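For clarity, every value in this text was computed on a predicted model and none was experimentally measured.
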2 protein chains.
Amino acid sequence: MVTLAEVAQHAGVSASTVSYVLSGKRSISVNTRQRVERSIRELGYHPNAGARALASSRSNVIALMVPLRTDMYVPVMMEIAIAVATSARAHGYDVLLLTGEEGPDAVRRVAGSGLADGMILMDVELDDERLPLLRETDRPAVLIGLPADTAGLTCVDLDFKATGALCVEHLAQRGHRDIAVIGEAPAVYERHTGFAERTLDGLRGRARELGLGLLHRPCEGGYDAMAVTLARILDERPGTTGFVVQNESAVEPLLALLRQQGRAVPEDMSVVAICPEQVAVQASVRLTSVAIPAQEMGRLAVEQLVAKLGGRGGDEVVLIAPELTVRASSGPAPAR
Amino acid sequence: MVTLAEVAQHAGVSASTVSYVLSGKRSISVNTRQRVERSIRELGYHPNAGARALASSRSNVIALMVPLRTDMYVPVMMEIAIAVATSARAHGYDVLLLTGEEGPDAVRRVAGSGLADGMILMDVELDDERLPLLRETDRPAVLIGLPADTAGLTCVDLDFKATGALCVEHLAQRGHRDIAVIGEAPAVYERHTGFAERTLDGLRGRARELGLGLLHRPCEGGYDAMAVTLARILDERPGTTGFVVQNESAVEPLLALLRQQGRAVPEDMSVVAICPEQVAVQASVRLTSVAIPAQEMGRLAVEQLVAKLGGRGGDEVVLIAPELTVRASSGPAPAR
DNA sequence: GTGAAAGCGCTAACAA
DNA sequence: TTGTTAGCGCTTTCAC
């Protein structure tokens, strides 16, 4: 193993000079810098992460906590995680992957050991059990998702309230008067996951303002559950012509069932989805949708965290504005 | 920040004693152990990861490299990653998440810096560019997937060849004589990804042995691509009654198209899938399938790596035996 | 612009 | 069973 001291000797300079060449924290003559860089290359030197962490008390690692909830749509989680890892590297950080298994203790362990300089928490609940610990810690943290109380916390999320409102507006503009919302599995609401409730707020608020009928039904994924849910909706509100779906595993079943029942999309029924771009594009009917900006969420979370680690930027709630893309699944309401 | 020295003082022992209580590397009197443990608790001590890594030259971190290929089925990747993280914790290791972004250099960086003690590589190609670097390094590594040359490497994977054979056998036993294989996207084969080719070997080998007709067609995901592929297959081999599908995003389109064309599953056509359990169960027809044992792959990979890190176990290829679960999508071939 | 040297907090001989 | 101590490789103050 090559050490900094060996590089220094090889280049004929002191250890501190090599260190400063590496960190750029003080000016070095061009000559010296080149000699050092050459030695580094020739010897194949890599700074030791442990020694560096010990001496500088910064690990250049950020922890990413991914609770493993089976009812969350996995590809989005993964996309965020990858975006976090990639953006982190661009800022000189590595990413430590923590699962929910360990529970809130992971926060304590990682913060206490100095394994990571800061952390990003995904899939945050409204009343998340990790938050109290987080507030105790002095390590900077960024949440992806909004808890009920954001005081003293930095959060990044899609503006789900605006998203709900946007979906209702889209349908209202096309003349739909009765809208049904197919939501996430009941468990998601019971857990008081922020995004689901905020979406609902947005949907209901705008529906009220525009005087539309709105029926909301949580739904487990799959064909059977969707069949039951759809039957109930059409039974209670036969005049329903617009659907807003916020549940990836209900999308295709809904389309199939409507088809089966001879209801054409978008001629008889319009469907707007809140889902990842990929799901919207690959569905059997290309879906008008508001995309989940997974990449941007990951990237923004890292940028916020890096800013905090650098002493810049304080607590902030960063909401990403929703964008609705019109595709083949929505159109004018049918004449009565 | 509480240090080991402070704990030692508080407990009235020397630093090394505290260290040994923590590591269990030498026997400690019950009395002393309890006093130390009490001090640790009272002071809220957490060992500093950097100092530990520096002194012991082991970081207790394993790196997980996840290349981000858009044509790989993401939930499986995620499931493996989570299983790796969880099993790693159970062995006292944390997991560093590396994406493909950085390319093979990541191997050099992580190995050189001592950031991780060993690494697990996912989504290994037959002729993977990371392998030469890996062989240079002295850090233990485990691959998930099989490269062409496994010499000096430890690999964990589903036995895809046996999987292919198993699928053909299942259909043959039920009287099917002409089988079509819907494969992964062409790009997957072009990249010479091991699992796709090995599956094909197994399929072809057993079909030959049993004297069955076998047609293999790669297929991009989605409805349109599947429609084209299916039409061609039925055109070339009108007598086809059995399908083997190894492409998550072709499963539902295939079922929908068969339905549309009035071909009942399993009465007219049998379908066997090679896919994650979840996909098989959630499909519109519950699929007879060989599951991708993602969790087990992750777990085994960690166990192999931990064994190597502990100086136990050498290079080995660990193949997981496939298990075929019969569900509603396969049955006897229709009478001619 | 460069060097010397004191730690950072822990582990693991070596001693007792 | 326990203590003493010499580093591990790097960063950073202080001095020139």
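Listed by chain and number, the residues in a salt bridge (charged side-chain N to carboxylate O under 4.0 Å, His left out) with A/Glu37 are A/Arg33 (sequence neighbours excluded). For B/Ser16, the side-chain hydrogen bond (donor to acceptor under 3.5 Å, both in side chains) partners are B/Ser14, not counting sequence neighbours. By the side-chain hydrogen bond (donor to acceptor under 3.5 Å, both in side chains) test, B/Asp117 is found to be paired with B/Ser59, residues two or more places apart in sequence or in another chain being considered. Remark: A/Glu101 pairs with no residue by the salt bridge (charged side-chain N to carboxylate O under 4.0 Å, His left out) rule, at least two apart or across chains. Every salt bridge (charged side-chain N to carboxylate O under 4.0 Å, His left out) that B/Glu42 has, sequence neighbours left out, goes to B/Arg38.
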Convert the base pairs of DNA chain C into dot-bracket notation, remembering that pairs crossing earlier ones are written with [ ] and that bases paired across to another strand are shown as |; include only Watson-Crick or G-U pairs under 3.5 Å.
||||||||||||||||
So if I define the base as every atom that isn't primed, P, OP1 or OP2, how would nucleotides 9-16 of chain C read as a B/S/- string at a heavy-atom cutoff under 4.0 Å?
BBSBBB--
Do B/Val302 and B/Arg299 pass the side-chain contact (heavy atoms from CB on, under 4.5 Å) test, and can you show the C-alpha distance, the side-chain angles, and the key distance before you say yes or no?
CA-CA 5 Å; B/Val302 169; B/Arg299 191 177 51 75; 6.0 Å; no
Run the side-chain donor-acceptor check on residues 43-52 of chain B: report pairs under 3.5 Å with partners two or more places apart or on a different chain.
from	atom 1	to	atom 2	distance (Å)
B/Asn48	OD1	B/Gly50	N	2.8
B/Asn48	OD1	B/Ala51	N	2.8

Expected list for residues 142-158 of chain B: side-chain donor-acceptor pairs under 3.5 angstrom, two or more places apart:
from	atom 1	to	atom 2	distance (Å)
B/Asp149	OD1	B/Ala151	N	2.9
B/Thr154	OG1	B/Lys308	NZ	3.0
B/Thr154	OG1	B/Gly314	O	3.4
B/Asp157	OD2	B/Arg198	NH2	2.4

Less than 3.5 Å apart, which donor and acceptor atoms pair up between the side chains of residues 103-115 of chain B and the rest of the protein, not counting sequence neighbours?
from	atom 1	to	atom 2	distance (Å)
B/Asp105	OD1	B/Arg108	NH1	3.1
B/Arg109	NE	B/Glu102	OE2	2.5
B/Arg109	NH1	A/Asp94	OD2	2.7
B/Arg109	NH2	A/Asp94	OD1	2.8
B/Arg109	NH2	A/Asp94	OD2	3.3
B/Arg109	NH2	B/Glu102	OE1	3.3
B/Arg109	NH2	B/Glu102	OE2	3.4
B/Ser113	OG	B/Arg109	O	2.9
B/Ser113	OG	B/Val110	O	3.4
B/Ser113	OG	B/Leu115	N	3.2

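Read 5' to 3', the first and last nucleotides of DNA chain D with an atom closer than 4.0 Å to a heavy atom of chain B are D/dT1 to D/dG9.
Sorted by first and then second residue, the salt bridge (Lys or Arg N to Asp or Glu O under 4.0 Å) pairs involving residues 12-26 of chain B (not counting sequence neighbours) form an empty list.
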